[in-house]
Amino acid sequence: MQQSTLLTSVERCLTWLETQMLTFDNGYNGVYERIRIDENIRVNWVRPDCNTEIARALTLYKDVAGEDRYEALNQNIKNWLMRAQDNDELSAWRGSFPFYLIDGYDTQSRSGYYVYQNDNGRILLGLLHMHERAPDERLLRSAAKLADYWVSIQRPEGYFYRNDGKTQPYYLGPDFVGWMAAALLKLAKVTGNETYRASALKAYDYYLSLQLEDGRMRTSYELMKTEDWRPVSSETSKAVYAFSIAYQETGDPKFAAALEKAGRYVLRLQHPDGGILNNDAQTKNAALQNNEQLCDLVYTQGFALMALYEAWKASGDRAYLEAAERLASFLAAIQCSGESPLWDGAWRGSYNAVTRQWDGRANQNNHIDEGGMYSVYTGWCASTIMYGMLLLLEEKKRSQAGG
């Protein structure tokens, strides 16, 4: 893996974000969600989860590259996040973040009004990652307020749900528990608040029950017939991340064992070129997105890159670090180039590892096709890929310096 290749890849993606995906006045109201190539539109949703991931990547880029070119944009995004959060003292959802705002300010969309457990969990984690690198009490207060909402509606079973017409009812799926559990553990460490730790461990008890003996996680599709378009690779890759964080924070051997099982499962899905395949032959029925030749970039690759890095940190097993490096090299190699100035520098949502072409859709009971070869995402895809690459670059710098 060439360091210069990964840094160039990150900087090409940042140029795409800067030139094509910002709201007015250098992202004053955040960054747009995605382009839909076949529809010839830039989706006018601005999502707090996507923007948190982008701000996190910008924060790490400043540390790794040693330059503050994107600092003004980063501050704009953070300021927007503070405005997007439900800050109403009388609101029953105070502290939560909505699914999206149209153009970053319009709250009239009915679907944008909902709050999602997985999106909010990733926001919480991203706020903490940024605060750890560049201490900012605003971010920490926002994180605590967000956590307080979700802890307040946690069920005795460990998952997070209240039947209120606004909190999404996809509470049983692992993607809707693992992010929040990992983030709450980190927040407990930062604040010393044992309420967050207790909530996290309760969530992990439920989360562990979703792991099968071969290491993979039961999917949201299997549990609730939802997220049909999310491949098996997604929720198990994310479990590698969640178990890695749990083991790092607690030292409990049950998390080491769960990490080992999930990690080995994901390694078995890695194609020789480096991409993580959607599934294996035994899991055809675990999701409707089940083409064994495809590598999903929206729900899997960037998250898997982060997860493999954290698995190496947690376990010390270099197989995870080497897998992360192969995955990063694969992603740099397939980055869009020469396709269109509208999305060159980004990644499309689904790639065929056998034919080595963009391929596949995410329209399985999903009319807005949230992924697939025609989606070009800022958050979920580009932001997590950049963040994972930057983590590897930072680690390489640290090892070269003898640290």
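- For the residue pair Ser91 / Tyr149, no side-chain donor-acceptor distance below 3.5 Å is found, with atom types taken as modelled.
- Ring pair Tyr374/Trp358: centre-to-centre distance not below 6.0 Å.
- Ring centroid separation for the pair Phe176 and Tyr161 does not come in under the 6.0 Å cut-off.
- Donor-acceptor pairing under 3.5 Å is lacking for the side chains of Asn279 and Asn290.
- Between Tyr28 and Trp80, the distance separating the two ring centers is not shorter than 6.0 angstrom.
- Glu227 and Thr219 form no side-chain donor-acceptor contact under 3.5 Å, judged by distance and modelled atom types alone.
- A salt bridge is absent between Glu394 and Lys397; no separation between the charged side-chain nitrogens and carboxylate oxygens falls under 4.0 Å.
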Worksheet item: Taking it one step at a time, do Phe243 and Leu208 satisfy side chain to side chain contact (heavy atoms under 4.5 Å, CB included)?
Response: CA-CA 9 Å; Phe243 291 138; Leu208 283 163; 3.5 Å; yes
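- Using a 4.0 Å cut-off between a side-chain N of Lys or Arg and a carboxylate O of Asp or Glu, Asp280 and Arg268 do not qualify as a salt bridge.
- A salt bridge does not link Asp369 with Arg34: every distance from a Lys NZ or Arg NE/NH1/NH2 to an Asp or Glu carboxylate oxygen is 4.0 Å or more.
- The local environment of NZ in Lys189 is sparse, with at most 12 non-hydrogen atoms from other residues, nucleotides or ligands closer than 6.0 Å.
- Paired with Ile276 under the rule side-chain contact (heavy atoms from CB on, under 4.5 Å), one option of Val266, Leu267, Leu305, Asp296 passes, and it is Val266.
- Side-chain polar atoms of Gln357 and Asn352 form no donor-acceptor pair below 3.5 angstrom.
- Using a cut-off of 4.0 Å between Lys/Arg side-chain N and Asp/Glu carboxylate O, Asp119 and Arg122 are scored as salt-bridged.
- In this structure, the ring of Phe99 has its center less than 6.0 angstrom from the ring center of Tyr116.
- Between Arg361 and Asp38 there is a salt bridge, since at least one side-chain N of the basic residue sits less than 4.0 Å from a carboxylate O of the acidic one.
- Checked for salt-bridge contact, Glu222 and Arg216 meet the test: a charged N lies under 4.0 Å from a carboxylate O.
- Trp312 and Tyr309 have tilted rings, their planes meeting at an angle from 30° to 60° on a 0 to 90° scale.
- Geometric assessment of Lys225 against the ring of Tyr221 yields a positive cation-pi assignment under the 6.0 Å and 45° thresholds.
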Practice prompt. Evaluate the side chain to side chain contact (heavy atoms under 4.5 Å, CB included) criterion for residues Leu321 and Leu392: first the C-alpha distance (whole Å), next the side-chain angles of each, then the deciding distance (0.1 Å), finally the verdict.
Written response: CA-CA 9 Å; Leu321 180 60; Leu392 291 175; 3.8 Å; yes
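- Relative orientation of the Tyr351 and Phe330 rings is perpendicular, given thresholds of 30° and 60° on the angle between their planes.
- Under the 3.5 Å distance criterion, with hydrogens and angles disregarded, no donor-acceptor pair is assigned to the side chains of Thr52 and Asp49.
- Note on Asp164 versus Lys166: no salt bridge recorded, every NZ/NE/NH1/NH2 to OD/OE distance being 4.0 Å or above.
- A donor-acceptor pair shorter than 3.5 Å can be found between the side chains of Tyr32 and Asp103.
- Salt-bridge check for Asp273 with Arg356: passed, with a basic side-chain N closer than 4.0 Å to an acidic carboxylate O.
- Looking at heavy atoms from C-beta onward, Thr236 lies in side-chain contact with Met217 at the 4.5 angstrom threshold.
- The pair Arg230-Glu370 fails the salt-bridge criterion, with no side-chain N (NZ, NE, NH1 or NH2) lying under 4.0 Å from an Asp/Glu carboxylate O.
- Side chain of Ser399 to main chain of Lys396: a donor-acceptor pair is present (N/O by atom type, distance under 3.5 Å, no hydrogens or angles).
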